[in-house]
Amino acid sequence: MGQKSKAVPQYMQYLRQLSDFETLTDEEANLLMNNMSIKSFQKGQVLFDETDQRSRFYFLIEGVIRVERFDIDGDFGFFSYIKNDLGFPYRGLLSDKNYPYLARAMTDIQIVYFPMALVERILKQNILMATRAITEMSTILSATENQVQRMVTSSAHNRIVQAINILAEQLGADFTQKHVIIPYRVTIKELALV
């Protein structure tokens, strides 16, 4: 269970500066703040599984999360990454009853979360926030389609190069002309999964 903390107002103030929440009215912000929970997860812990009831909207404050989904045989997997200052899951907003994938902490993480029903109610009332959510969904869909297209190759060398590029795009920080820093250790096994 998440903790109610004296830090909740500071987290809400921080969130309101970000594009996901900048269009909230004071009333909506107070409603979210009164229903906000803060929680930390250790590396490897699962936040939710793809069959769990979709009851919370999360916002990653610090760390890296991998979302993963497999076909019914467990043969084909899809992986994507969420880094700090991003909300999730956008997929299924206003429609799905269950989470669309499993979410796993790849580093120690800190999140805030809100009841999904409350977030969806605010989205229905706040056209600017709903527009922002649609824009985020479009960005995620486009990135996912590009990722799938780039990984469809018979060349093992090209798959590795594309996997590294995808990780750099999704998680990269401190870009320079020749280097991108990925803020957590990527193992060979993980690289093979991308």
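None of the values given here were measured: they were computed from a predicted structure. Values below: every heavy atom of this structure, side chains too, minus hydrogens, waters and symmetry copies.
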Legend entry - Pairwise distance CG(N98) to CG(D52) - rounded to 0.5 angstrom: 8.0 Å

Legend entry - Separation of Y81 OH from R66 CZ (nearest 0.5 Å): 5.0 Å

Inset, instruction - Tell me whether V119 is reachable from L18 by hopping between hydrophobic residues (I, L, V, M, F, W, Y) whose side-chain heavy atoms are closer than 4.5 Å. - result: yes

Inset, instruction - Under the side-chain hydrogen bond (donor to acceptor under 3.5 Å, both in side chains) rule, collect the residues that match up with N84, sequence neighbours excluded. - result: none

Legend entry - Partner residues of Q45 under the side chain to side chain contact (heavy atoms under 4.5 Å, CB included) criterion, sequence neighbours left out: F41, Q42

Legend entry - Contact list for residues 9-20, test salt bridge (charged side-chain N to carboxylate O under 4.0 Å, His left out), sequence neighbours left out: R16-D26, D20-R132

Legend entry - Residues which pass ring pair (Phe, Tyr, Trp, His ring centres under 6.0 Å) with F59, listed by chain and number, not counting sequence neighbours: F21

Inset, instruction - Nearest 0.5 Å please: distance from the CG atom of D85 over to the NZ atom of K83. - result: 9.0 Å

Inset, instruction - Working to the nearest 0.5 Å, report the span between CD1 of I122 and CG of L32. - result: 3.5 Å

Inset, instruction - Drop me the distance from N30's CG to L24's CG, to the nearest 0.5 angstrom. - result: 10.0 Å

Inset, instruction - Spell out, as yes or no, whether a donor-acceptor pair under 3.5 Å connects the side chain of Q110 to the backbone of E62. - result: no

Inset, instruction - Provide the closest heavy-atom pair for Y58 versus I111 in the form atom of the first, atom of the second, distance. - result: CD2-CD1, 3.2 Å

Legend entry - Exam field: side chain T107 to backbone V64, donor-acceptor pair closer than 3.5 Å: yes

Legend entry - Heavy-atom closest pair, residues P89 and Y101: CB-OH, 3.1 Å

Legend entry - Atom CD of Q125: over 12 foreign heavy atoms under 6.0 Å: yes

Legend entry - Trace of the side-chain contact (heavy atoms from CB on, under 4.5 Å) decision for R56 with Y99: CA-CA 9 Å; R56 297 176 179 158; Y99 289 112; 3.6 Å; yes

Legend entry - Flag, side chain of N35 to backbone of F114, donor-acceptor distance under 3.5 Å: no

Inset, instruction - Please confirm whether the backbone N or O of M116 pairs with a side-chain atom of R54, one donor and one acceptor, at under 3.5 Å? - result: no

Inset, instruction - Please confirm whether the backbone N or O of S37 pairs with a side-chain atom of Y11, one donor and one acceptor, at under 3.5 Å? - result: no

Inset, instruction - Step by step, work out the side-chain contact (heavy atoms from CB on, under 4.5 Å) result for K39 and I109. - result: CA-CA 8 Å; K39 189 166 183 179; I109 63 169; over 6 Å; no

Inset, instruction - Could you pull out all residues at least two apart from D49 that satisfy side-chain hydrogen bond (donor to acceptor under 3.5 Å, both in side chains)? - result: none

Legend entry - Heavy-atom check, side chain of M33 versus side chain of L15, under 4.5 Å: no

Inset, instruction - Tell me, please, which residues at least two apart from E28 pass salt bridge (charged side-chain N to carboxylate O under 4.0 Å, His left out). - result: none

Inset, instruction - Could you tell me which non-hydrogen atom of E22 sits nearest to which non-hydrogen atom of Q17, and how far apart they are? - result: OE1-O, 4.5 Å

Inset, instruction - Could you tell me which residues satisfy side chain to side chain contact (heavy atoms under 4.5 Å, CB included) with T23, sequence neighbours excluded, listed by chain and number? - result: N126, L128, M129

Legend entry - Pairs where residues 93-119 contributes a residue and the test salt bridge (charged side-chain N to carboxylate O under 4.0 Å, His left out) is met, not counting sequence neighbours: E68-R104

Inset, instruction - Indicate, with yes or no, if L102 and I65 share a hydrophobic cluster defined by side-chain heavy-atom contacts under 4.5 Å among Ile, Leu, Val, Met, Phe, Trp and Tyr. - result: no

